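Notes follow the structure.
Naming convention: chains lettered A, B, ... in sequence-line order (proteins, then strands); numbering from 1 in each chain. Remember, it's a predicted structure, so these values are computed and weren't measured experimentally.
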2 protein chains.
Amino acid sequence: MTTETDATRTDATGAVAGTGQTGTAGETAERVWRRLRTLVLEQNERRKETADALGMSFFRVKALRRIAARPSRMSELAAELGSDRPYLTVVVDDLAKRGLVERHPHPTDRRCKIVTATPEGAAAAARADAILGTPPPVLRDLAADDLAALDRITAALTASGEG
Amino acid sequence: MTTETDATRTDATGAVAGTGQTGTAGETAERVWRRLRTLVLEQNERRKETADALGMSFFRVKALRRIAARPSRMSELAAELGSDRPYLTVVVDDLAKRGLVERHPHPTDRRCKIVTATPEGAAAAARADAILGTPPPVLRDLAADDLAALDRITAALTASGEG
DNA sequence: CAGATTGTTTGTACGCGTGTAATCATTACT
DNA sequence: AGTAATGATTACACGCGTACAAACAATCTG
């Protein structure tokens, strides 16, 4: 896949001399976005790797990580995981059967049940975080100044609203 | 979206003045990696959006895009899509029934069938590309110099092997 | 207290993707 | 020619996640 070979066309908005990358700001944003997707999604084997390491589907890994991060009621978990309450019961049942999760009564509302992670569950979630959070070598091997630039820019990009 | 382009003085160890970000190169890489995952995966509603727009599962969208990009044999498609041949038969059957895809005989090997996209299929794939390739507003609104930096760095990151 | 509401659970049906075995046509090998 | 190997297809069983209806317990409201 060769990108535009008319390298150093200089239009008013966004030409970058000497890098072979030209175009309007919108075109540059699209190019960057495509590369970011490639970088992240091509590493998406991590999901399968994580699921295999924990011996459960990635959805359950996601649920476990969410529970380990913050104990919550069933309905909260279902909403945040984008699932429905009935299926979350099945998932939490499965995680509980594995000894990774426990249901505790809500202090005031006896209808609710607070789901928390056991020490084993927290450890498993940490293992998942470690696998998913390991950057690809190409990123780790980036030059220090480029990495610092990424650090600064991505901090701004994920600052608050992603709108 | 204001970007503090001046607040990035880095010392020898990688500390970033004014942003509260310090640490070794590995820690910085992990932080950047986490933010990149957030940025891309939080936009993963795009998958559902694309699937809804085309009225098919995202896996079939993926298959259609792959076919539109390069006509191939069934076995090639199955391998590249990480699926098995039998299921790909079902998927291509479905896409063909929708008039998006056609099976053509291989010029030399009559066992093979070359799957190509019809004009309608190419148009649908282009629509999917448009949705998936639209960068999030926060990226499009990035300051020009930061965007140029991302352009350069991501080009290096996705140059060849992702290791 | 009666009725409506909320939180959770059980059950059921469905679509999707994986995996495997078996079948058929075509090609390659000896 | 005869046999093995390859490409595609059909068929079936399975796990996963979604969606919906219904039941039950506990809480809130009239």
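If A/R110 and A/S57 are placed on DNA chain D by their nearest nucleotide, the residue sitting closer to the 5' end is A/S57. Residue whose closest nucleotide on DNA chain C sits further toward the 5' end, between A/K48 and A/E76: A/E76. Where A/V90 and B/S83 meet DNA chain C, the nucleotide closest to each residue was compared, and A/V90 sits on the side nearer the 5' end.
Under 4.0 Å is where a charged nitrogen must lie from a carboxylate oxygen, and between A/R140 and B/E30 at least one such pair does. Using a cutoff of 4.0 Å between basic side-chain nitrogens and carboxylate oxygens, A/R70 and A/E80 are scored as salt-bridged. Note on A/R73 versus A/D109: no salt bridge recorded, every NZ/NE/NH1/NH2 to OD/OE distance being 4.0 Å or above.
B/R111 contributes a side-chain N or O that forms a donor-acceptor pair with the base of D/dT6 under 3.5 Å.
At D/dA25, none of the side-chain N or O atoms of A/K113 fall inside 4.0 Å of OP1 or OP2 (strictly under the cut-off). Remark: A/S75 is in phosphate contact with C/dT8, judged by side-chain N or O atoms under 4.0 Å from OP1 or OP2. Regarding contacts with the backbone of D/dG17, a side-chain N or O of A/Y87 is found under 4.0 angstrom from either OP1 or OP2.
Rounded to an integer number of Å, the gap from CG of A/D84 to P of D/dC16 is 16 Å. A straight line from CG of A/L81 to C1' of D/dT18 spans 14 Å, rounded to a whole angstrom. Residue B/M56 contributes atom CE, which lies 17 Å from atom P of C/dG15 at whole-angstrom precision. Atom NE2 in B/H106 sits roughly 14 Å away from atom C1' in D/dA8 (whole-Å rounding). For the pair B/R73 CZ and C/dT27 P, the interatomic distance rounds to 13 Å; values are reported in whole Å. One interatomic measurement links the two molecules: CZ of B/R85 to C1' of D/dA11, which rounds to 17 Å at whole-angstrom precision. Straight-line distance from the CG atom of A/L88 to the P atom of D/dG17: 11 Å, rounded to whole Å. Between the P atom of C/dT5 and the CG atom of A/D109 lies a distance of 17 Å, rounded to the nearest Å.
Closest to the B/M74 side chain, of the nucleotides D/dT18, C/dG7, D/dT9, is D/dT9. The B/P86 side chain lies nearest to D/dT9 when the options are D/dT9, C/dG17, C/dT10.
With hydrogens and angles left out, the side-chain atoms of A/R66 and A/S72 include a donor and acceptor closer than 3.5 Å. No hydrogens or angles considered: nothing links the side chains of A/R127 and A/T50 as a donor-acceptor pair under 3.5 Å.
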